[in-house]
Number of protein chains: 2
Amino acid sequence: MAVRGRPRGFDVEAALDRAVEVFWRQGYDGASLTDLTEAMGINRTSMYAAFGNKEQLFHRAVARYAEADMAYAREALAEPTAYAVIQSFLRANADALTRPDRPSGCLSVQGGLAEGGDSGRIARFLADSRLAGEHALAQRLARAVEEGDLPAGTDPHALARYVMVVSEGNAVHAAAGATRAALHTTVDIALQAVPRPHAQVSA
Amino acid sequence: MAVRGRPRGFDVEAALDRAVEVFWRQGYDGASLTDLTEAMGINRTSMYAAFGNKEQLFHRAVARYAEADMAYAREALAEPTAYAVIQSFLRANADALTRPDRPSGCLSVQGGLAEGGDSGRIARFLADSRLAGEHALAQRLARAVEEGDLPAGTDPHALARYVMVVSEGNAVHAAAGATRAALHTTVDIALQAVPRPHAQVSA
DNA sequence: CGACTTGAGTACCGAGCGGTACAGAAATGG
DNA sequence: CCATTTCTGTACCGCTCGGTACTCAAGTCG
């Protein structure tokens with residue numbers, strides 16, 4: 001049975017982790033195959049054999065990023081109250097955006113915002129993956145409204161979008177070199193806008 | 001006296017406006033000289049004669065953008081109260097990010113977030129220009145604190161940063177195709193976090 | 001041991017990049 | 001008129017891009 005042919009000489013997951021860092025720091029367009037393969041420690045051809053092409057490598061890298069570097073988002077959704085979910089998410093996000101051992105900011109934001117040479121395929125892909133996170137949060141908040149954990153009449157989609165906006169704005173700031181403390185100060189203020197169950201805010 | 005030599009065959013400002021759109025939509029790296037000069041309706045050489053090189057053209061384009069497309073920001077600073085300043089800024093910003101006759105989003109965000117082939121010079125330049133706006137807002141808010149227009153103890157820099165974070169997050173959303181209404185809904189929520197003079201919020 | 005299968009390495013492809021040399025065109029100054 | 005100055009247009013530069021053809025190395029099968 002075993003593997004036929006010459007065995008692969010490198011660890012795919014480890015190589016992917018290196019690729020994540022390069023895409024994260026330099027963006028999709030800014031990361032050349034030479035940059036990527038040098039960081040991954042493998043040959044150009046090996047990369048094509050293992051991942052297909054640059055775009056597929058990027059998809060794999062984003063998936064890996066979502067799984068490893070954004071695990072905090074899934075954990076936040078498990079918090080008992082809507083406020084705790086949002087607070088946990090924004091706090092962990094601020095930390096993740098400023099980890100000293102990782103590039104500043106967020107791969108799914110600085111990976112590519114504008115249409116590059118690919119007519120926006122990369123930007124659209126990243127936008128969709130961010131939107132998926134927003135929807136997941138909105139569903140969690142909708143449950144909170146049902147449970148009376150958020151004031152009746154609260155729009156869970158709007159609140160989820162607001163939370164993502166704060167997260168993405170912080171990502172832009174982090175990419176520009178803002179400190180972790182600065183991001184948390186912003187979260188302090190942003191949390192003031194989150195409705196609490198006992199304080200009916202709407203008109 | 002008059003102009004010596006052959007007169008220029010195109011309007012520099014008009015050409016610059018076209019360049020702004022291309023950079024805005026495609027980002028700095030994604031906008032090729034061919035894309036730019038075709039949109040500007042001029043020859044490659046004419047562009048070099050008039051602007052120097054691609055990077056200098058970009059600087060001119062950003063300056064033009066700040067002057068024309070971000071005029072609302074300066075106008076917002078003239079509002080009488082801190083709350084009115086912030087509200088005016090965020091409302092006009094949401095509109096500007098979704099103008100039907102212009103690219104979605106904000107040039108100074110999607111122009112370049114990650115380091116491209118230029119080791120981050122473009123990203124740093126844009127970050128600095130965004131920071132300049134943040135400082136201007138912070139100064140205006142500092143005045144508001146002195147005037148009792150914001151609660152004593154309010155950190156004007158932190159509040160300015162929060163406002164810019166919302167603005168930049170909305171820019172990311174707009175670039176991803178969010179509607180104008182969605183952006184305004186986010187502003188509705190974001191404004192809840194802005195302290196008012198009569199409502200002391202801090203502990 | 002070969003026959004076969006698969007990864008690794010080199011060397012290269014056409015295309016597009018930013019930038020420029022050079023010749024010609026259109027104006028002013030004498 | 002011609003010399004000078006400046007802009008325009010073509011045609012090209014060297015370089016890097018993403019991607020690949022081809023050869024060799026390293027394994028499993030029989």
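Naming convention: chains lettered A, B, ... in sequence-line order (proteins, then strands); numbering from 1 in each chain.
Heavy atoms from other residues, nucleotides or ligands lying under 6.0 Å from CZ of A:R102 number more than 12. For B:Q56, the CD atom counts as densely surrounded, since its 6.0 Å shell holds more than 12 non-hydrogen atoms of other residues, nucleotides or ligands. In B:R18, the CZ atom is not crowded: 12 or fewer heavy atoms of neighbouring residues, nucleotides or ligands sit closer than 6.0 Å. More than 12 heavy atoms of other residues, nucleotides or ligands sit less than 6.0 Å from atom CD of A:E55.
Within residues 5-25 of chain B, the residues approaching DNA chain C are B:G5, B:R6, B:P7, by heavy-atom distance under 4.0 Å.
A straight line from CD1 of A:I122 to C1' of D:dG18 spans 13 Å, rounded to a whole angstrom. One can place CE of B:M40 at 11 Å from P of D:dT8, the figure rounded to the nearest angstrom.
When atom types are taken as modelled, the side chain of B:D128 and the backbone of B:F125 share no donor-acceptor pair closer than 3.5 angstrom. Side-chain atoms of A:W24 come within 3.5 Å of backbone N or O of A:G105 as a donor-acceptor pair.
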For DNA chain D, the expected dot-bracket line (Watson-Crick or G-U under 3.5 Å, [ ] crossing, | inter-strand) is ||||||||||||||||||||||||||||||
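The phosphate of D:dT8 (OP1 or OP2) has a side-chain N or O of B:S46 nearer than 4.0 angstrom.
Of the candidate nucleotides C:dC22, C:dG29, D:dA21, D:dA21 has the atom lying nearest to any side-chain atom of A:T45.
Relative to the ring axis of B:F51, B:R60 does not place its NZ or CZ within 45° and under 6.0 Å from the centre. Relative to the six-membered ring of A:Y28, A:K54 meets both conditions, a distance below 6.0 Å and an angle of at most 45° to the axis.
Counting heavy atoms from C-beta outward, A:V172 and B:V165 have side chains that stay 4.5 Å or more apart.
Side chains of A:N93 and A:Y72: a donor on one and an acceptor on the other come within 3.5 Å.
Toward the 5′ end of DNA chain C lies the nearest nucleotide of A:A49, the other residue of the pair A:A49 and A:N43 mapping further downstream.
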Where do N or O atoms of nucleotides 16-18 of chain C meet protein N or O atoms at under 3.5 Å, pair by pair?
| residue | atom | partner | partner atom | Å |
| --- | --- | --- | --- | --- |
| C:dC17 | OP1 | B:S32 | OG | 3.1 |
| C:dG18 | OP1 | B:A31 | O | 3.4 |
| C:dG18 | OP1 | B:K54 | NZ | 2.8 |
| C:dG18 | OP2 | B:L33 | N | 2.6 |
| C:dG18 | N7 | B:R44 | NH2 | 2.7 |

